[in-house]
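For reference, the structure discussed in these notes is given below.
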Number of protein chains: 2
Amino acid sequence: MTVTLADVAARAGVSAATVSRVLNGNYPVATATRSRVLRAVEELEYVVNGPASSLAAASSDLVGVLVNDIADPFFGIIAGAVQDTIGPVTSVPAQGRKLAVICNTGGSPERELTYLTLLQRQRAAAVVLTGSGTDDPGHRAALAARLRRLAAGGVRVVLCGRPLPAEEHGGADGADPAAGTAPEVDGPRPRPVEVPLDNEGGARALTEHLLALGHRRIGHLAGPDHRSTTRHRLAGHRAAMTAAGLPPTPDHLLIHGTFHRDSGYAGALRLLDADPGLTAIAAANDTAALGVCAALRDRGLRVPQDVSVTGFDDLPFAADVAPGLTTVRLPLRETGQAAGRVALGAEVPEDGVVPPEPARVVARDSTAPPRG
Amino acid sequence: MTVTLADVAARAGVSAATVSRVLNGNYPVATATRSRVLRAVEELEYVVNGPASSLAAASSDLVGVLVNDIADPFFGIIAGAVQDTIGPVTSVPAQGRKLAVICNTGGSPERELTYLTLLQRQRAAAVVLTGSGTDDPGHRAALAARLRRLAAGGVRVVLCGRPLPAEEHGGADGADPAAGTAPEVDGPRPRPVEVPLDNEGGARALTEHLLALGHRRIGHLAGPDHRSTTRHRLAGHRAAMTAAGLPPTPDHLLIHGTFHRDSGYAGALRLLDADPGLTAIAAANDTAALGVCAALRDRGLRVPQDVSVTGFDDLPFAADVAPGLTTVRLPLRETGQAAGRVALGAEVPEDGVVPPEPARVVARDSTAPPRG
DNA sequence: TTGAAAGCGTTACCAA
DNA sequence: TTGGTAACGCTTTCAA
């Protein structure tokens with residue numbers, strides 16, 4: 001039923017090996033032969049059998065991209081950039097024609113592990129993990145173990161916007177007691193590469209911006225607890241406060257939520273209840289910040305006249321859509337493209353870390369002085 | 001180096017066949033044997049070789065999902081819903097564990113075809129095409145041919161939010177003269193299934209809403225020309241105008257653009273220049289509508305006091321973020337889930353068309369009467 | 001309930 | 001420059 005290499009070979013009057021060589025273009029073939037083969041391919045509408053080819057070549061052209069929330073443009077932009085870089089229409093010569101598999105983990109460490117297993121099973125060429133990872137020691141250890149196995153299987157691992165989970169100390173396979181008999185790796189494998197996002201610097205710049213405007217009572221709507229991104233952004237915020245000689249944000253002005261709009265809405269209401277006199281709110285990301293704006297509107301407050309709102313640049317147009325919203329512009333496209341190039345093996349730094357692009361504050365309509 | 005079935009079999013003291021049966025769970029195996037095998041799998045950290053298994057079984061567990069713009073939450077929501085339905089954590093029993101491959105076409109018919117070839121090459125179990133398709137006859141024919149080949153290869157095809165491109169009339173393979181010698185299909189294959197979005201009904205409801213508010217000078221910012229979605233939404237708009245006994249929207253109030261924010265911004269300015277007295281603008285989608293809101297703000301106009309703005313529900317929170325924006329709520333999640341179930345083969349209607357969920361108008365702050 | 005063995009369609013090595 | 005031919009790792013009859 002299906003057309004195979006042999007069919008093409010027969011029609012072109014050559015051997016299967018020759019057809020393979022023509023198709024892969026990695027071996028010299030006489031011009032006449034080549035065109036004969038190509039014509040046969042056309043006529044028979046032949047399409048390579050990927051699984052067979054992957055089996056024989058011991059590698060596939062699949063690249064996994066894990067995202068926390070596919071409905072969030074933040075990840076959409078990164079995933080799109082990765083895909084553009086490695087995909088059918090790539091700018092990296094002789095590397096393209098790979099297929100990006102975008103996997104939506106929903107922020108769940110379990111699903112993350114499940115997807116990684118699935119990708120390992122597909123013998124993916126590379127795996128790109130984007131967005132924040134969990135800080136939970138158990139999950140980190142499990143993730144580290146899985147990444148180790150992926151690397152051992154020749155899968156290139158790229159961490160985009162999150163740090164590499166540390167391996168367990170002590171003997172090999174410390175994280176998995178049952179793995180004592182697992183086979184050893186047959187040589188040095190490429191280590192995971194980090195393509196960081198400057199979460200800490202961005203949060204610091206964001207807070208410095210608010211402080212420069214004269215704000216002192218700043219509510220902080222942080223992301224989910226136990227996430228690397230949350231931790232880094234919080235650290236940046238604190239660094240700015242400290243550098244300005246100010247006390248750290250008090251507990252009642254620091255609320256943990258999610259990266260979603262609802263969380264921003266609810267969090268803003270709680271912050272206002274906790275301190276009706278606050279003049280600024282820093283949100284976990286733009287999506288949450290938009291929720292903050294809505295909450296302020298519903299409370300009869302204006303943005304930024306009454307309260308300045310800031311967030312991370314998850315939605316490129318957020319600052320424009322919600323007047324008064326100040327965001328940190330993270331270089332999402334650039335980061336995604338860098339991750340894509342690393343996944344292709346085209347850009348692997350010595351120390352395993354691609355230098356991050358600096359985050360920039362996009363101030364807009366936020367020059368109003370704080371209230372009384 | 002890598003652990004294979006044989007390794008597991010040896011360790012468990014059984015044959016490879018038995019291990020395969022245990023792993024696939026589609027064959028009776030003694031409980032004792034099963035647990036012995038599973039333990040060996042654990043101990044060796046065995047992960048199935050997907051390509052090998054796909055080759056032997058002549059089918060893979062990959063499902064392709066094509067989207068026009070991965071950075072647009074509209075597609076993110078649909079893609080996420082498809083993935084949730086078919087993916088590792090699925091609610092459809094005994095069907096899950098499939099891997100969704102989300103492909104970003106950027107709205108380009110060429111990239112669409114390229115991705116379809118790539119997916120055919122991977123022997124994908126199913127392919128889901130989402131969002132508007134091109135109306136260009138050449139591309140439609142090429143797409144129809146490719147879909148036919150996919151179906152012939154046993155790939156289930158799902159069209160989500162767009163109509164099935166018609167086959168060429170006349171003899172078989174009419175669209176591809178060079179294919180005269182292509183092999184015949186070896187039996188009846190499942191035809192593509194349509195999971196529609198009610199674009200026409202939504203546009204009609206949107207326009208009716210504006211008309212009911214008393215608007216008569218309505219600017220229409222349509223989507224890209226030659227796209228099915230654009231055509232359907234335009235048809236709904238016109239139907240509402242006609243049903244109300246009104247003349248069709250004049251040419252100078254009908255502008256084609258893209259589905260992006262910038263297009264909405266620029267288009268709104270053009271519309272205002274063409275008719276400074278218009279009282280409402282219907283945009284191609286929410287993203288463009290947000291751009292319209294920004295343009296109105298920059299022109300010193302208020303929404304909806306001076307101009308009512310409407311759009312399709314690409315961003316769930318758009319109406320909430322931009323006060324005065326009225327949207328049509330398309331059942332994106334439901335549609336995506338239906339598409340996922342169809343892709344799994346769990347829901348295939350007789351006539352090949354899943355009934356669409358109705359679109360609903362989400363009115364908000366748009367009760368202001370028109371100016372003048 | 002289990003095992004042996006024949007493919008599945010490519011790739012890549014070795015000759016020619 | 002080309003052809004023959006082992007792998008590649010799994011699934012799936014067919015027997016036992």
I need a per-nucleotide contact map over nucleotides 10-16 of chain C, read 5' to 3'. Cutoff is protein heavy atoms under 4.0 Å; write B for the base, S for backbone only, - otherwise.
BBBB---
5′-ward residue of the pair A:Arg34/B:Pro51 relative to DNA chain D
A:Arg34
Nearest 0.5 angstrom please: B:Glu45 CD to B:Glu42 CD, how far?
9.0 Å
If I take atom OH from residue B:Tyr46 and atom OG1 from residue B:Thr4, how far apart are they, to the nearest 0.5 angstrom?
7.0 Å
Nearest-nucleotide wise, let me know which of B:Pro28 and B:Leu55 is further upstream toward the 5' end of DNA chain C.
B:Pro28
Separation between CG (B:Leu62) and CG (B:Leu99), nearest 0.5 Å, reads 6.0 Å
For the atom pair CG (B:Asp61) and CZ (B:Arg123), what is the distance rounded to the nearest 0.5 Å?
15.0 Å
Compute the bend angle of the helix from C:dT1-D:dA16 to C:dA16-D:dT1 from the end axes (five pairs per end), rounded to 10°.
30°
In the structure I gave you, are the side-chain heavy atoms of B:Val127 and B:Leu116 within less than 4.5 Å of one another anywhere?
yes
Send over the distance from A:Asp7 CG to C:dC8 C1', rounded to a whole Å.
14 Å
Give me the one residue out of B:Arg140, B:Arg162, B:Arg146 that meets salt bridge (Lys or Arg N to Asp or Glu O under 4.0 Å) with B:Glu112.
B:Arg162
In this structure, OG of A:Ser54 is separated from CZ of B:Arg121 (nearest 0.5 Å) by 7.5 Å
Phosphate oxygens OP1/OP2 of D:dT1: is one of them under 4.0 Å from a side-chain N or O of A:Thr33?
no
Where do B:Arg111 and A:Asp84 land on the salt bridge (Lys or Arg N to Asp or Glu O under 4.0 Å) test, with the steps shown first?
CA-CA 11 Å; B:Arg111 290 182 68 167; A:Asp84 285 351; 3.2 Å; yes
